[in-house]
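For reference, the structure discussed in these notes is given below.
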Amino acid sequence: MNIDIIPCLNDNYSYLIHDEQSNTVVIVDPSEFAPCDKIISKKYKKLNYILNTHHHHDHVGGNAELKKKYNAQIFGFESDDKRIPGIDKLLKDNQEFKVGKLNFITIFIPGHTIGHVAYYLKKEQVVFSGDTLFSMGCGRVFEGTYEQMLNSLKKLKNLPENTKVYCGHEYTHDNLKFCLKFNPNNNALKKKREIIEAKIKHGKPTLPSTIGDEIQMNIFLRYDDPDVKEALNLKKASDLEIFTKLRDLKDNF
Ligand code: ZN
Ligand code: FE
């Protein structure tokens, strides 16, 4: 399997997956037609499937034109059947589906929107997390509740640590600054900062991350870290209280 990272719009990423065994081509969250089509037409001249993590325009903007040009099938969560343009196949939570030789699992992770899913490749150890889990951050809670978002993040946190995380946006550097501010004694973060800044300087994506790195450094998965609780002055607060406080602070960061 090969994954190409396609930068789109200001800071979005679309992901182009090629299963060499079956010559199947899949795109996750095509933000816009032109940059996606450019690489598809050059490398593969075909597109079999479009997988959408959620209905926001910066994740489905290329759906209609790509479907028209390549006759691709569009997959998304069942409750977003009216919101994902051109949707063909409605997926349920925990649904396994085969695309070429790849076995995907849908993980329902509401919060950012109420129809948000992740796409998980267990054997290949890859997850596409959309706007729920970012590298060093998480998405804004637009439609769901804080509790839903926290539970969704906990689901992703439970994946094997080697799992590579491909998320919807290049927000890593700003996220890292926020993590450092409220988790100042996390030494792993300081080392990570140099790596991230070097990648950005060379115009490279900071992704993929891994679940293990996110557990170690992403403050939104560290609601039980005493250093975070201390920085927030909320030493006795619950996971949900800490998460809510962090999300509110990040909204205004
Ligand atoms: Zn979104
Ligand atoms: Fe987005």
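Every number for a ligand or one of its atoms is a count from 1 in the order of the listing. These numbers were taken from a predicted model, which means no experiment stands behind them.
- The Fe ion (ligand 2) forms the vertex of an angle spanning NE2 of H59 and NE2 of H169; to the nearest 10 degrees it equals 110°.
- The atom name of the N/O/S atom in D58 closest to the Fe ion (ligand 2) is OD2.
- Environment of CG in N233: sparse, with no more than 12 heavy atoms of neighbouring residues, nucleotides or ligands closer than 6.0 Å.
- N48 and Y70 share no side-chain donor-acceptor pair at under 3.5 Å.
- Among the atoms of D131, an N, O or S atom falls under 2.8 Å of the Zn ion (ligand 1).
- D131 contributes OD2 as its N, O or S atom closest to the Fe ion (ligand 2).
- Side-chain atoms of K122 do not come within 3.5 Å of backbone N or O of N103 as any donor-acceptor pair.
- In this model, a donor atom of one side chain and an acceptor atom of the other lie less than 3.5 Å apart for N175 and K250.
- With 2.8 Å as the limit, H54 counts as an N, O or S neighbour of the Zn ion (ligand 1).
- Taking the six-membered ring where the residue is Trp, F77 and F108 present parallel rings, their angle staying beneath 30° rather than reaching 60°.
- Taking backbone and side-chain atoms together, H112 has an N/O/S atom less than 2.8 Å away from the Zn ion (ligand 1).
- When the N, O or S atoms of H56 are ranked by distance to the Zn ion (ligand 1), ND1 comes first.
- At a cut-off of 3.5 Å, with distance as the only test, no side-chain donor of E161 or T163 sits close to an acceptor on the other residue.
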